[in-house]
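For reference, the structure is listed below as structure tokens.
Each chain gets a letter, A, B and so on, in the order its sequence line appears, and its residues count up from 1. Values below: every heavy atom of this structure, side chains too, minus hydrogens, waters and symmetry copies. Just so we're clear, the structure is a prediction, and the values are computed from it rather than from any experiment.
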Amino acid sequence: MNTSYFAEIILPLNLEGTFTYHLTDSDLQQIKIGQRVAVPFGTQKLYTGVIHSIHQNKPELYKTKGIYAFLDDEAIVTPTQIKFWEWIANYYVCSLGDVFRNAFPSALKLESQTFVRLIIDNYEKIEELNDNEFLVYEALKLRQLISVEEAALIIDDKSAIPTLKLLIDKGIIQLDEKIQEKYTPKIENYVRIHPNIKGNDAAFIQILDSLNRAQKQREALLQLITIETQKPNEPLKVSEFVKMGTTNSIVKTLAEKGAVEIYQHQTSRVDETETEKEEIHQLTLKQTEVLEKIKAEFSAKQTVLLHGVTSSGKTEIYIKLMEQVIKKGNKVLYLLPEISVTTQIVHRIKKHFGERVGVYHSKFNQNERVELWKKTLNVEFDIVIGPRTTLFLPFTSLGLVIVDEEHESSYKQIDTKPFFQGRDMAMVLSSMMNAKTLLGSATPSIESYYNARQGKYGYIELNERFGNIKLPDIKLVDLKKAQKEKELTHDISHILRDEIIEQLKEKKQVILFQNRRGYAPILECNSCGNTPECPNCDVSLTYHKFSNQLKCHYCGYAQAKPNRCVSCGSVELNTKGLGTEQIEHQLQDIFPEARIRRMDVDAMRGKFAYEKLIEDFENHEVDILIGTQMLTKGFDFGNVNFVGVIRADSLLNFPDFRAHEKAFQLLTQVSGRAGRREDQGKVLIQSYQPEHLVLQNVTTYNYQKTMSDILYERKEFYYPPFARIIKLRFKHKNKERLDKTAEQLVKLLKPNFDSRCLLGPEAPSVGRINNLYITDVMIKVLPNQSPMKVKQLIRKEIDRLCTIAAYRSVRIDVDVDPM
DNA sequence: AGCACGCCGACT
DNA sequence: GTCGGCGTGCTC
């Protein structure tokens with residue numbers, strides 16, 4: 001045995017670095033960088049790891065373990081991915097295991113769901129097996145596969161892993177790596193008249209004659225003809241056809257005789273309504289010009305920012321560009337904000353490029369994820385479309401990465417480590433693969449705009465809408481004035497009301513925007529002023545009228561709405577603030593005839609809620625749609641000429657340095673939903689402060705002015721893009737310990753920073769979530785400092801802090817470039 | 001992250 | 001008398 005070789009293995013743990021395992025001679029023969037392996041860890045655990053590297057440096061400080069099994073014949077993680085993961089771990093101050101865990105589909109991580117199978121079923125030296133080994137052996141003789149979990153049940157004691165290890169060593173069992181193969185991708189069968197006889201009367205009559213003695217088949221065929229004539233271009237599922245009075249075997253026989261054709265078609269609700277829509281038109285002169293400019297910029301720069309107003313036809317430009325990249329033999333990654341992934345853009349691209357487009361979606365189940373991973377690995381796609389997680393698929397030879405709606409905050413991962421910014425990582429991945437990155441937006445983020453203006457990125461503007469339709473006319477409505485003059489019903493000014501009436505009269509659909517869900521964010525007692533708060537978080541509960549509940553939007557806590565004030569018993573409970581649900585009620589009151597629907601997370605629960613709503617909207621089964629920011633993402637409908645904003649104020653008064661930037665982007669994007677296809681659209685924005693600079697700039701579409709105002713402030717107060725921010729977020733259930741720990745870390749860091757650059761600790765606006773107190777420390781890294789050195793310093797000081805028991809239990813999250 | 005080990009309170 | 005709470009320490 002040659003034990004002088006070792007492998008560094010990446011494990012899905014929140015621990016620094018890789019783990020060393022020794023290799024046997026037979027291991028050495030099959031091992032490949034990027035392969036999955038099953039390895040024992042601790043006394044109990046079996047983890048799926050990925051081979052990071054192979055070397056001969058025997059670790060002196062601990063005893064190594066061996067690899068249980070190789071789970072793949074070939075590598076399923078590419079060298080570039082490993083490099084990419086390391087880059088992310090380094091930049092976002094987290095462990096490689098954190099990245100691995102997030103980047104890798106969990107179905108490929110077997111762990112305790114791992115199965116073992118027997119390879120020798122007549123083992124001769126049974127008497128040499130110990131009790132536990134024998135029990136597992138017997139169990140396996142009865143059933144082919146058992147999971148590690150089940151084995152742990154059979155042998156009472158928790159010695160399952162060691163026992164299995166012994167059996168593996170004796171060559172009696174092996175880990176079964178083929179579990180995913182049990183699942184097959186779900187494909188729906190469709191039926192249509194065979195193309196050979198469709199429109200060929202002679203052939204058709206011949207077939208029909210031959211069916212003279214098969215009445216059932218004849219009937220079925222005639223029925224299919226009728227359906228196809230009535231609803232041409234609408235795919236018909238075999239299962240649906242069978243429901244209309246025939247059987248599967250009849251359809252099958254017809255297919256064998258060449259009368260009908262059974263074909264596969266990816267199932268998607270939206271697909272079905274959209275099948276016959278829009279071919280990609282030839283590019284307009286303007287679009288061609290932009291395309292050429294992009295290519296010219298790419299020859300000198302790695303990244304180009306395409307700043308094109310809403311509805312300017314960016315998608316067509318992307319499509320042409322992608323075509324050209326693919327023609328050269330390269331692949332394309334097309335990133336979109338989460339929610340848009342289900343919408344029209346994807347269908348247009350699929351329509352244009354067909355089967356070689358892979359679409360990733362966070363609602364995908366594990367099997368679909370694995371399938372997409374494997375197909376990407378096998379280079380079966382020319383284009384892969386998806387949200388930020390799509391970055392982690394095993395690409396080869398990327399030529400272009402597109403980040404559409406580049407300014408969208410959903411590119412930043414905020415819930416799980418690593419807290420990465422997808423747009424930025426797209427550029428990193430792209431440069432690792434010598435590809436180009438195209439950022440697209442109607443309202444670029446200030447960082448991208450600044451980088452472009454500094455010459456770091458190419459910058460191209462597209463100022464006119466497709467077909468030269470004018471940008472919507474945006475007007476402000478002064479709510480103070482409306483209130484004073486009694487020109488207000490509930491929260492709808494009469495100007496807005498009359499506009500809606502006008503639109504409905506013309507059979508147009510109306511979109512209204514209110515950036516808050518629920519009915520009212522606060523329920524307040526009229527006599528004592530008490531407001532119900534969440535028992536787990538430091539926020540007041542939001543009133544949801546539909547369910548008659550008070551809900552916490554942070555932890556999900558819900559309780560029935562009390563009839564009396566819990567504090568003083570008064571029945572006079574008032575709502576304060578304004579949510580989408582309340583607007584919905586008000587609208588129903590003002591427009592009793594209108595069909596009103598709501599689009600927010602509450603209304604979009606359930607797998608196809610979003611698709612269904614889009615379908616209904618498209619079919620004009622909705623007159624007025626009221627929604628939150630969800631509306632701004634990929635919502636593109638021709639029959640909308642008017643958009644209303646109920647209250648812009650909450651956007652402007654956000655206590656955050658990005659508030660103005662976000663408000664401008666959001667309002668511009670919402671306005672962009674109006675008048676996309678024919679006439680100039682109209683927009684009304686209601687606000688109590690119509691004189692606000694941001695609102696004024698929105699009405700004049702003055703992006704440049706807005707950005708230069710904001711840049712001025714950012715420079716003054718050392719905010720991005722003039723400094724990089726690193727936020728340290730401390731969480732603990734004990735407030736005192738939390739504050740002490742945060743203060744201690746600040747004390748340790750202080751000598752290295754200017755006082756303007758080390759802020760806090762300070763509790764965020766919601767100081768407790770899910771019974772954990774929170775406090776933040778903000779570090780501003782100035783251009784003359786090395787961000788990497790600062791991060792190393794932070795790592796070092798956190799480690800030092802952790803040597804003291806009292807501080808160790810406080811969780812510290814490092815958020816680089818927070819939102 | 002998990003999990004074992006170890007030390008203190010409320011239960012069959 | 002034990003079950004189980006979570007504080008502490010370790011994992012290749």
Exercise. Looking for any heavy atom pair under 4.0 Å, which part of the strands does Thr64(A) touch: base, sugar-phosphate only, or nothing?
Worked result: sugar-phosphate
Exercise. What is the nucleic acid contact for Lys733(A), judged by heavy atoms within less than 4.0 Å: base, sugar-phosphate only, or nothing?
Worked result: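 Sugar-phosphate contact only - Lys733(A) comes under 4.0 Å of backbone atoms but never of a base.
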Seminar exercise, completed: With sequence neighbours left out, the residues meeting side chain to side chain donor-acceptor pair (under 3.5 Å) with Thr18(A) are Glu8(A)
[atom1] of [X] versus [atom2] of [N]: gap in Å, rounded?
| X | N | atom1 | atom2 | answer |
| --- | --- | --- | --- | --- |
| Glu60(A) | dC12(C) | CD | C1' | 14 Å |
| Leu11(A) | dC10(C) | CG | P | 19 Å |
| His22(A) | dC12(C) | NE2 | P | 12 Å |
| Ile10(A) | dT11(C) | CD1 | P | 21 Å |
| Leu61(A) | dT11(C) | CG | C1' | 14 Å |
| Asn14(A) | dC3(B) | CG | P | 15 Å |
| Ile804(A) | dG9(C) | CD1 | C1' | 16 Å |
| Phe41(A) | dC3(B) | CZ | P | 11 Å |

Exercise. Any idea which of dG9(C), dC12(C), dA1(B) is nearest the Arg808(A) side chain?
Worked result: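 Selected nucleotide: dG9(C).
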Exercise. Choosing from dT8(C), dT11(C), dC12(C), which nucleotide comes nearest the side chain of Leu15(A)?
Worked result: dT11(C)
Exercise. Strictly by modelled atom types, are Ser809(A) and Arg737(A) linked by a side-chain donor-acceptor pair under 3.5 Å?
Worked result: yes
For this session: Please state whether the base of dC12(C) and the side chain of Tyr62(A) form at least one donor-acceptor pair under 3.5 Å?
Result: yes
For this session: State plainly whether the residues Arg658(A) and Glu447(A) are in salt-bridge range, i.e. N to O under 4.0 Å.
Result: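 Between Glu447(A) and Arg658(A) there is a salt bridge, with a charged N closer than 4.0 Å to a carboxylate O.
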Exercise. Where do Asp72(A) and Arg36(A) land on the salt bridge (Lys or Arg N to Asp or Glu O under 4.0 Å) test, with the steps shown first?
Worked result: CA-CA 6 Å; Asp72(A) 308 292; Arg36(A) 280 181 313 158; 2.8 Å; yes
